[in-house]
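Lettering of chains follows the sequences in order, A, B, ..., and the numbering in each one begins at 1.
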Number of protein chains: 2
Amino acid sequence: MQLKELSERTGISAASIKFYLREGLLPAGESVHATRARYSTRHVSRLRLIHALRSVVGLSIEQIRPLVKLADDGAPRLEILAAVQRTVLGLTALNTHNGDVRTRAGDAVVRLRNWPDAPSDARAALDAHVSLMESLGVPVTTELLDAYSKALDAIADRDINATAAPEDTNELILTAAVGMHLHGQLVLKLLALAQASHAIGRYTKDA
Amino acid sequence: MQLKELSERTGISAASIKFYLREGLLPAGESVHATRARYSTRHVSRLRLIHALRSVVGLSIEQIRPLVKLADDGAPRLEILAAVQRTVLGLTALNTHNGDVRTRAGDAVVRLRNWPDAPSDARAALDAHVSLMESLGVPVTTELLDAYSKALDAIADRDINATAAPEDTNELILTAAVGMHLHGQLVLKLLALAQASHAIGRYTKDA
DNA sequence: AGAGTTGGATAGTGCTTCTATCCTAGGCCT
DNA sequence: AGGCCTAGGATAGAAGCACTATCCAACTCT
């Protein structure tokens, strides 16, 4: 298949496909001649991945690049999933805002929940975030962490069991990223509803 | 106080302050004469609000505008808090993506949790989001909603009790928005840690 | 008088994600 | 063989966002 067909199949403009090629998100097709290239179904699934990552998950080109690189390098599944989590849930190095992470909230949580005591991106991000909150004057008590983590423990248990593992690495990243993002947003929206409901309950009680 | 002092006190450049004035985020100062205006401490707190909403919560100018308008119009507290929640947790009309919300997930949740059966933005957003998930092939079972909402019920109960109510409306919006955002992010990060921990537990078990 | 400040206007910057145009070498069809 | 289409490469433009900078004439403080 050549560029035009690739464009028609995915619904992504030829100009955009060229852009993704330039940006290194989409590997070059098999160059038949100087002015002819052949693309495979891999390119189709890659384009679908890029599109979903942009339009559903809202990632930038710069965030997508290392993810697809992992796929192209044939990185192990666990590594890929860790990278996806890092990116989708905003576990960036940016979160270690001023460098001084005073709290070790992660320690407290893994003890409370009896989770394995291994360092991870999620744990570092948690520490950094709690540190940020405290620096902004929003207190985070151990009690709060206990309540939150207890609730999320149940959710994570359920989530992890639902993770299938497709053959195609593009598919793997797509389902993992989309799933994580959508579940994260779902949790946020349910939290909003819960808060609103509790607020209503409280205000009607007062009235 | 005049513009320059306002700039010095808040650490926001005079050019940016002019920009916010143009955009209608910051009300004009008391015009002493055609070329002299006086600003009050209200302007200081408004600028702090704008800055926090941009840099901490990550809202756009367009999202901030209606929020500060509510403050200027002296809207009731509950209405303000609802608007803040709508904005911070992404409960936009945009979420009603294709118009046909087939699922009524909100109904199921309020029944499951015995929450008051009143329509709300959060509920509409939840319906829309679940509809989006299903349209993307990510199933959302009642069982899942039950587990999630049960967990978040406990969290919301705790959150709602921690909400103070400052005098200054700017302060109110600031603490509410920052609090909601930071708590939402905290939940997401704890979820990530929980997922990672469960994944580790599962992989070490297999090994 | 002179330095400084104001509101208002207008233009420019830097970043991101495309989108469009132009070009030549080369293949496909008849 | 001639005409049309396509690939790849380069470059430029567009549109949105949040500023940032410059200029101006009017006016005020000292």
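Looking at the side chain of A/Ile61, the nearest of the listed nucleotides D/dC27, C/dC18, D/dT20 is C/dC18. Distance from the side chain of A/Arg54 is smallest to C/dT17 among D/dA7, C/dT17, D/dT11. If you check D/dC19, D/dT6, D/dT28 against the side chain of B/Arg36, the one that comes closest is D/dT28. Nearest nucleotide to the B/Leu3 side chain, out of C/dT6, D/dT11, D/dA21: C/dT6.
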From CA spacing to verdict: side-chain contact (heavy atoms from CB on, under 4.5 Å), B/Arg104, B/Val130: CA-CA 8 Å; B/Arg104 298 293 307 169; B/Val130 170; over 6 Å; no

Residues B/Leu186, A/Leu144; criterion side-chain contact (heavy atoms from CB on, under 4.5 Å); working and verdict: CA-CA 11 Å; B/Leu186 179 60; A/Leu144 181 79; 4.2 Å; yes

When the side chains of residues 24-42 of chain B are checked against the rest of the protein, which donor-acceptor pairs come out under 3.5 Å, sequence neighbours left out?
unit_1	atom_1	unit_2	atom_2	d
B/Ser31	OG	B/His33	O	3.1
B/Ser40	OG	B/Arg42	N	3.2
B/Ser40	OG	B/His43	ND1	3.3

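B/Arg46 has no carboxylate O lying under 4.0 Å from a charged side-chain N of B/Asp168, or vice versa, which leaves the two without a salt bridge. Taking the charged nitrogens against the carboxylate oxygens, B/Asp73 and B/Lys69 do have a contact shorter than 4.0 Å, which makes a salt bridge. The pair A/Lys150-A/Asp146 does not meet the salt-bridge criterion, since no charged nitrogen lies less than 4.0 angstrom from a carboxylate oxygen.
Close to C/dG7, at under 4.0 Å from its OP1 or OP2, lies a side-chain N or O of B/Tyr39. Within the structure, every side-chain polar atom (N or O) of A/Ser16 is placed at least 4.0 Å from both OP1 and OP2 of C/dC18. Side-chain N/O atoms of A/Tyr20 include one lying less than 4.0 angstrom from OP1 or OP2 on C/dC18. Within the structure, a side-chain polar atom (N or O) of B/His33 is placed less than 4.0 Å from OP1 or OP2 of D/dT28.
Between the CD1 atom of B/Ile50 and the P atom of D/dA18 there is a distance of 12 Å, rounded to whole Å. We find that CG of B/Leu26 is positioned 10 Å from P of C/dG7, with the value rounded to whole Å. Separating the CZ atom of A/Arg38 from the C1' atom of C/dG27 is a distance of 12 Å, rounded to the nearest angstrom. The separation between B/Met1 atom CE and C/dT6 atom P is 12 Å, rounded to whole Å. Nucleotide D/dC19 holds its C1' atom 17 Å from the CG atom of B/Leu53, rounded to whole Å. At whole-Å resolution of the value, CD in A/Glu30 and C1' in D/dA7 are 14 Å apart. Atom CD1 of A/Ile17 is separated from atom C1' of C/dT19 by 13 Å (rounded to the nearest Å). Following rounding to the nearest Å, B/Arg22 (CZ) and D/dC19 (P) show an atom-to-atom distance of 12 Å.
Contacts of B/Ala37 with the nucleic acid, taken as non-hydrogen atoms under 4.0 Å apart, involve only primed sugar atoms and P, OP1 or OP2. Contacts of A/Gln2 with the nucleic acid, taken as non-hydrogen atoms under 4.0 Å apart, involve only primed sugar atoms and P, OP1 or OP2. At a threshold of 4.0 angstrom between heavy atoms, the contacts of A/Ser31 with the nucleic acid are absent. Within 4.0 Å of B/Ser60, counting heavy atoms only, lie sugar-phosphate atoms of the nucleic acid but no base atom. Note on A/Leu21: nothing from the nucleic acid sits closer than 4.0 angstrom, heavy atoms only.
Here the side chain of A/Ser7 pairs no donor or acceptor atom with the backbone of A/Leu3 at under 3.5 angstrom. A donor-acceptor pair is defined here as one N or O able to donate and one able to accept, closer than 3.5 Å; no such pair exists between the side chain of A/Arg54 and the backbone of A/Ile61.
One distance of note links CZ of A/Arg113 with CG of B/Leu190; it measures 10.0 Å at 0.5 Å rounding.
The 5' end of DNA chain D is approached more closely, in terms of each residue's nearest nucleotide, by A/Gly29 than by the other of A/Gly29 and B/Phe19. Mapping A/Ala34 and A/Glu23 onto DNA chain C via the closest heavy atom, the residue that lands nearer the 5' end is A/Glu23. Two residues, B/Lys18 and B/Leu59, neighbour DNA chain D, and the one matched to the more 5' nucleotide by heavy-atom proximity is B/Leu59.
Axis orientation changes by 10° from one end of the helix from C/dA1-D/dT30 to C/dT30-D/dA1 to the other, with each end axis drawn from 5 pairs and the value rounded to 10°.
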